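This is a predicted model, so every value here is computed, not measured. Residue numbers begin at 1 in each chain, while the letters A, B, ... track the order of the sequences. In what follows, every heavy atom counts, from backbone to side chain, and hydrogens, waters and symmetry copies are set aside.
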Number of protein chains: 4
Amino acid sequence: MSFNTFGHVFRVTTWGESHGPALGCTVDGCPPGVPLTEADIQPWLDKRRPGLNKNTTQRQEPDQVRILSGVFEGMTTGTPIQLMIENTDQRSKDYGKIAQSFRPGHADITYHQKYGIRDYRGGGRSSARETAARVAAGGVARAVLARMVPGLSILGYMTQMGVKHIDRSRFDAAEVARNDFFVPDAAVVDEWADYLHHIRTVAHASVGAVIEVVATGVPAGLGAPIYGKLDSDLASAMMSINAVKAVEIGDGMAVAALTGIENADEIVMGPDGPEFLSNHAGGILGGISTGQPVVVRFAVKPTSSILTARRSIDTAGAEVDVVTTGRHDPCVGIRAVPVGEAMMACVLLDHLLLDRAQTGGVRGTIG
Amino acid sequence: MSFNTFGHVFRVTTWGESHGPALGCTVDGCPPGVPLTEADIQPWLDKRRPGLNKNTTQRQEPDQVRILSGVFEGMTTGTPIQLMIENTDQRSKDYGKIAQSFRPGHADITYHQKYGIRDYRGGGRSSARETAARVAAGGVARAVLARMVPGLSILGYMTQMGVKHIDRSRFDAAEVARNDFFVPDAAVVDEWADYLHHIRTVAHASVGAVIEVVATGVPAGLGAPIYGKLDSDLASAMMSINAVKAVEIGDGMAVAALTGIENADEIVMGPDGPEFLSNHAGGILGGISTGQPVVVRFAVKPTSSILTARRSIDTAGAEVDVVTTGRHDPCVGIRAVPVGEAMMACVLLDHLLLDRAQTGGVRGTIG
Amino acid sequence: MSFNTFGHVFRVTTWGESHGPALGCTVDGCPPGVPLTEADIQPWLDKRRPGLNKNTTQRQEPDQVRILSGVFEGMTTGTPIQLMIENTDQRSKDYGKIAQSFRPGHADITYHQKYGIRDYRGGGRSSARETAARVAAGGVARAVLARMVPGLSILGYMTQMGVKHIDRSRFDAAEVARNDFFVPDAAVVDEWADYLHHIRTVAHASVGAVIEVVATGVPAGLGAPIYGKLDSDLASAMMSINAVKAVEIGDGMAVAALTGIENADEIVMGPDGPEFLSNHAGGILGGISTGQPVVVRFAVKPTSSILTARRSIDTAGAEVDVVTTGRHDPCVGIRAVPVGEAMMACVLLDHLLLDRAQTGGVRGTIG
Amino acid sequence: MSFNTFGHVFRVTTWGESHGPALGCTVDGCPPGVPLTEADIQPWLDKRRPGLNKNTTQRQEPDQVRILSGVFEGMTTGTPIQLMIENTDQRSKDYGKIAQSFRPGHADITYHQKYGIRDYRGGGRSSARETAARVAAGGVARAVLARMVPGLSILGYMTQMGVKHIDRSRFDAAEVARNDFFVPDAAVVDEWADYLHHIRTVAHASVGAVIEVVATGVPAGLGAPIYGKLDSDLASAMMSINAVKAVEIGDGMAVAALTGIENADEIVMGPDGPEFLSNHAGGILGGISTGQPVVVRFAVKPTSSILTARRSIDTAGAEVDVVTTGRHDPCVGIRAVPVGEAMMACVLLDHLLLDRAQTGGVRGTIG
């Protein structure tokens, strides 16, 4: 049963609405004895934070995380870790006027239909603010992974925004941290900025995006077939992020057009064990990690809240034109980058712990 | 914790290996009082069955399902339903010669690494035979759905095989049941047959595919945000099918290139409630069904077992060339069609039951 | 997987330590549309609160609950409800001197052994303060039950304290709220007060207790056999309360000495359906409620923290004498009464929701 | 969500009815690489088997277990283990005449009320035959425990039958396997046999029993507070056994009458670590094992099916007298002994695996 919890062993339950007093998450199942302070978590929240970046919503939130439990004298104790972020910039009057209307493309109408009641302020529970709690949990996961698998690293970046793509021949991981779009291709930054400016200010629209998250240094053997497969859990995790409509592993949709000859990642014996000559599989075979980089890609739809009027109805069934003013990202995909990284961190740690439950972390030998 | 079980309320645990004495599944949480006999399940297994179709593996299995529990005098009792399918065509000697080698693109190596032991006969647990158990469970789910939501229907079909695509302007749902490829476009059948014949007999290869599964008549309000979203669970379910590498909801990866103006499914008030003027969202907003058709698409990679030699290693670490003779589908995607339908049925029923746990199935009114 | 969460549908995850900044719980799966404010929860916390009662610890905590999420304009929304109670009276220096010693009968040593680290201030996570979060969750459960099953009521009381027993012939439910011991027998109050005073001040000891919790108006049909039986879940819930060492349903341990003739609760047909002529079963048959009162009893061991020295060791393995000064209940069983009621409320609501998942709440008819 | 599954990591799902074609269980999460054949499981089933013992039901079932999956070449593979036991002695006509009546003390009426339908043959799902599947699962758990914790041993025995008690001063573990009552006190065997003979043939009744199960060699540190405590899970496991009405850990109900001075198990430093001078706690503190023997006791009510007429009703609401002829144990508690052992084995293994998920099995050091 899972409403607001994800994970098998490292279990994260998020709570909170966009305009409530606070939001956060309970992280249960965290191993004990791991150094952890707010300073380990805050940088990831800062990366996701709106208002730092002119391309994201201008809502100003410090998004300051507090650890309320589960840590003693700077170390995790194995008991539940409660992380709380207070909402300080709530300005709910911005949203009041559309309280009874359903924004096309938004979850307003489905929350209303399912629950018969919803917190309409800023999207309530369906707001992208919920992802702040995921990023905080991801900070905990990264701290634990850093202890358990020192060589593991996770990097997310945009590969597409609207009709613009990166050029993979110019791929530079170091570039990702240097620009507002988290793109690994310095040459596109100015062009994308102009494009997004136009989308927002001239077209009164928004655009979608594709995010790729790659984890390197992942040990072979993670994943619990058949229904806790690593790729199955990654798909679930990424699809649960607001506005995500597709998830790909490795070559993703493109595998359909490949032949079995092309798609086979050939294997040779390297000095430290098996090596693969390609990675169409995205580091996962049969739901279990191969030791190659784990590659996940997901598509984020354009922000639903736009300045162009769209036809809709209100709770009384009357037809209305909806225009959403206020602070909204013209491309929510940008802030989905740290969220995707956080989900990757949580899923990998979860499977590391789950695997040692069943196998003790002992691996079959080759050679 | 989930190794071999999926579902929140309608919980399916599959068990069994390709060449063991039997395989099957336990279906727990099924509502009582639903008429159910083997005859309700068998047709779906027959549809998936290898050997009926010259484009699929020539392995001959009657795949006869037996209900061992949970049904009394032709009605479900609310207790666990055990479904067993005996493996009658095991011919394990076919596989003996590759017992110690790892087939590129196959889960051989990851099962070995994770567990240190594997049943190498026919892929063991990682064989696509496991999906027979899913199809059986899907038969139960369909029988229950037929009682609970009479207007609901589920249809799966191929939209792409290798480099060949259907022409959606010729879409004809009735055609799907009439051809070996489950394609809704009669005009492509001969061409696809020639293409696949060439792939297998001349190219000694295999090809991937794209499957689309559409459910119509799904009530609004199904889905348990944030981590039991309907799309998140569908993504997990489809990604857990052997060889699937990508899952799309509605417009899928294509949403990245849309603007918010294009992507917004506008809403008007129809005689029976809200109506949408388009369905980019694939029937799901904020993880909750809208009442529109639920549209899921997934990509299946080409079969790993091919007649063309690929480089690999064996358990001793020696480099080997692997050629897989024996009975293998040149396009496993074909048989993934009934499997995708079964997963859709299971997920929808599960969410129908889960929803009535929390909300009692009562819906918010509009108008 | 369950570390700090209980419940199938109505899921409560508690967090927090005795001397951390706050503790609380996330309540997930709560039905939407139920009126709820802090005023619905606070009275139950006040009932459990230490310091109100001269027989319980003199720690002074207002135990003020705050609802941080899941409620909008005074109604539950179906999203997670976060309840937080700040710890205001932490005085951790009281506990400093025994930080490295293990109190006999206390979880100090096992937390140390399991986790290698523990928050030794006031018992940390193993403190009975955790039960404040349960009582808060129970307040939510009661508010929902009041809407869904208007006639249901829950009453807990002490039936034994140390060597003292109530006289059931004088049973008066109205008396429970009128005395400090939650006893339904006014005649024992003074005697018990003297006895407890002696135990604490003269014997420098503490005593155990037996608590009985009875729910009336419980509909027939709740309970999910075989491993989510109502009695099995009640046993788990009550045994999870600090210091509880035994749980009985109905006649409990005494059934061993009964014959099948005596134990059979005979059934007759009453005006509103089946009626039972006795209730040895405690309202549960085959793990499913019968419609009779659900009767649970549990034994609480004496407080481990006492003024009499006991032999023990410290973390260095040195033998020490442990005397626990500070604020401790001489009978923790007293405060276990509202905790037991809260667990009953949570379990019953959980099964009400779980049942409607599987059966839709429809009952088999008799007559 | 748990209908017919127990366990966090080592997950057992039982299925099957008394008079269906077969019953069994799926064991998921079992570690790989453990030697396992049917011969490891069968002896435990033989111990529980009815008909071997003149004091138990005369139903004749070979209860032959078959492993259908999850084991390859005599070793567990880490994939689900399906265990099936065919029902060969179904004689359902014995039960036909009471199909529409509700036996007092039996789950007939509650299954009818909950599900609106039940398999009335032999109690259907609520029959004690379900426990055969538990015993089979316990056999797997024991095989794994034997590898992982070589010194661990589990012994169950009766301490009370009806009004008869063992004399603990004559306790002899070796005696348990030598008599039909699984009693550790040879001196009572003849007396108990006469007593039970009288109960059945003269009194036309049945009697209850108390079973004690002790596990020695359990490592310290098992148990997942707060809601996966070792004692909480043991309480749930034992209470889920048919006819069990109470569960005690260590001193159980008797702790209520103890003082804190008496109840404190004092600790000294032994050559191999901490040693306790007594074991009132039954080997569990704060829900975590101490390393002392884990002691669980449970009470089983008298068999409901008796030859003496009791008042009841039928499905039409008519009042009837119920006399149950046929093959029934006069004391179901006898066969509950191997069932209790099996549950102990499953819970301990489950917690061993769960613990290594969170802590890696690393223990805090003392001294």
Side-chain angles (χ1 to χ4, degrees), chain C residues 1-4 6 8 104-105 107 110 112-114 116 126 160 163 205-206 208-210 220-221 224 226-229 231-232 235-236 239-240 245-246 248-249 252-253 255-257 259-261 263-264 266-267 269 285-286 288 299 301-303 306 308 310-313 317 363-364 366-367, chain D residues 1-4 6 8 104-105 107 110 112-114 116 126 160 163 205-206 208-210 220-221 224 226-229 231-232 235-236 239-240 245-246 248-249 252-253 255-257 259-261 263-264 266-267 269 285-286 288 299 301-303 306 308 310-313 317 363-364 366-367:
Chain C
M1 179 69 71
S2 193
F3 297 107
N4 290 280
F6 70 93
H8 305 272
T110 52
H112 179 87
Q113 286 180 297
K114 182 179 189 76
S126 72
Q160 181 183 346
V163 296
S206 57
V210 175
I226 303 292
Y227 302 111
K229 285 178 170 173
D231 41 6
S232 175
S236 172
M239 194 67 94
S240 76
K245 301 303 285 184
E248 300 190 315
I249 304 291
M253 293 305 292
V255 295
T259 68
I261 299 171
N263 184 66
E266 292 183 301
I267 315 172
M269 197 65 191
L285 286 174
I288 303 171
K301 70 182 185 184
T303 315
I306 50 176
T308 301
R310 307 307 293 150
R311 296 178 62 184
S312 187
I313 59 176
R363 291 283 88 91
I366 295 177
Chain D
M1 180 69 70
S2 192
F3 297 105
N4 291 279
F6 69 93
H8 305 271
T110 51
H112 179 87
Q113 286 180 295
K114 182 179 188 76
S126 71
Q160 181 183 347
V163 298
S206 57
V210 175
I226 303 291
Y227 301 110
K229 284 177 171 175
D231 40 7
S232 175
S236 172
M239 195 67 93
S240 76
K245 300 302 285 185
E248 300 190 315
I249 305 292
M253 293 305 292
V255 296
T259 67
I261 299 170
N263 185 65
E266 293 183 301
I267 315 171
M269 198 63 191
L285 286 174
I288 304 171
K301 70 181 184 185
T303 315
I306 50 176
T308 300
R310 308 305 295 151
R311 298 177 62 184
S312 187
I313 59 176
R363 291 281 88 91
I366 295 177

Exercise. Tell me, please, which residues at least two apart from Ser312(D) pass side chain to side chain contact (heavy atoms under 4.5 Å, CB included).
Key: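 Result, side chain to side chain contact (heavy atoms under 4.5 Å, CB included) vs Ser312(D): Ile267(C), Phe102(D), Pro104(D), Val320(D), Val322(D).
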Quiz prompt | For Glu266(C), side chain to side chain contact (heavy atoms under 4.5 Å, CB included) partners two or more places apart | solution =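 With sequence neighbours excluded, Glu266(C) shows a side chain to side chain contact (heavy atoms under 4.5 Å, CB included) to Leu277(C), Arg310(D), Arg311(D), given in chain and number order.
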Name the option with the most non-hydrogen atom pairs under 4.5 Å to chain D; the candidates are [options].
options	result
Ala264(C), Gly116(C), Ala205(C), Gly260(C)	Gly260(C)
Ala224(C), Ala246(C), Gly228(C)	Ala246(C)
Asn4(C), Ile306(C), Val163(C)	Asn4(C)

Practice problem: Would you confirm whether Ser232(C), through its side chain, and Ser236(D), through its main-chain N or O, come within 3.5 Å as a donor-acceptor pair? | Solution: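 The answer is yes, because a donor-acceptor pair under 3.5 Å joins these two groups.
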Only pairs of heavy atoms separated by less than 4.5 Å count here; which of [options] has the most with chain C?
options	answer
Ala209(D), Ala220(D), Ala256(D), Gly364(D)	Ala256(D)
Ile226(D), Thr308(D), Ile249(D)	Ile226(D)
Gln160(D), His112(D), Met253(D)	Met253(D)

Self-check item: Euclidean distance, Leu285(C) CG relative to Ser126(D) OG, rounded to 0.5 Å
Solution: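 Output value for this atom pair is 10.0 Å.
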Practice problem: Measure the OG-CG distance between Ser240(C) and Asp231(D) for me, rounded to the nearest 0.5 Å. | Solution: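 So the OG of Ser240(C) and the CG of Asp231(D) are separated by 8.5 Å.
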With a 4.5 Å cut-off on side-chain heavy atoms, are [Y] and [X] touching?
X	Y	result
Gln113(D)	Ile288(C)	no
Lys114(D)	Arg363(C)	yes
Glu248(D)	Lys245(C)	no

Exercise. With a 4.5 angstrom heavy-atom cut-off, could you sort out which part of Lys301(D) is near chain C: side chain, backbone, both or neither?
Key: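 Both parts, heavy atoms under 4.5 Å.
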Self-check item: Portion of Ile261(D) that has a non-hydrogen atom of chain C nearer than 4.5 angstrom
Solution: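 Both the backbone and the side chain of Ile261(D) come within 4.5 Å of chain C.
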Work out which heavy atom in [X] is nearest to a heavy atom in [Y]; give both atom names and the distance.
X	Y	value
Pro302(D)	Val255(C)	CD-O, 3.5 Å
Ala107(D)	Gly286(C)	CB-CA, 3.6 Å
Ala299(C)	Gly252(D)	CB-O, 4.0 Å

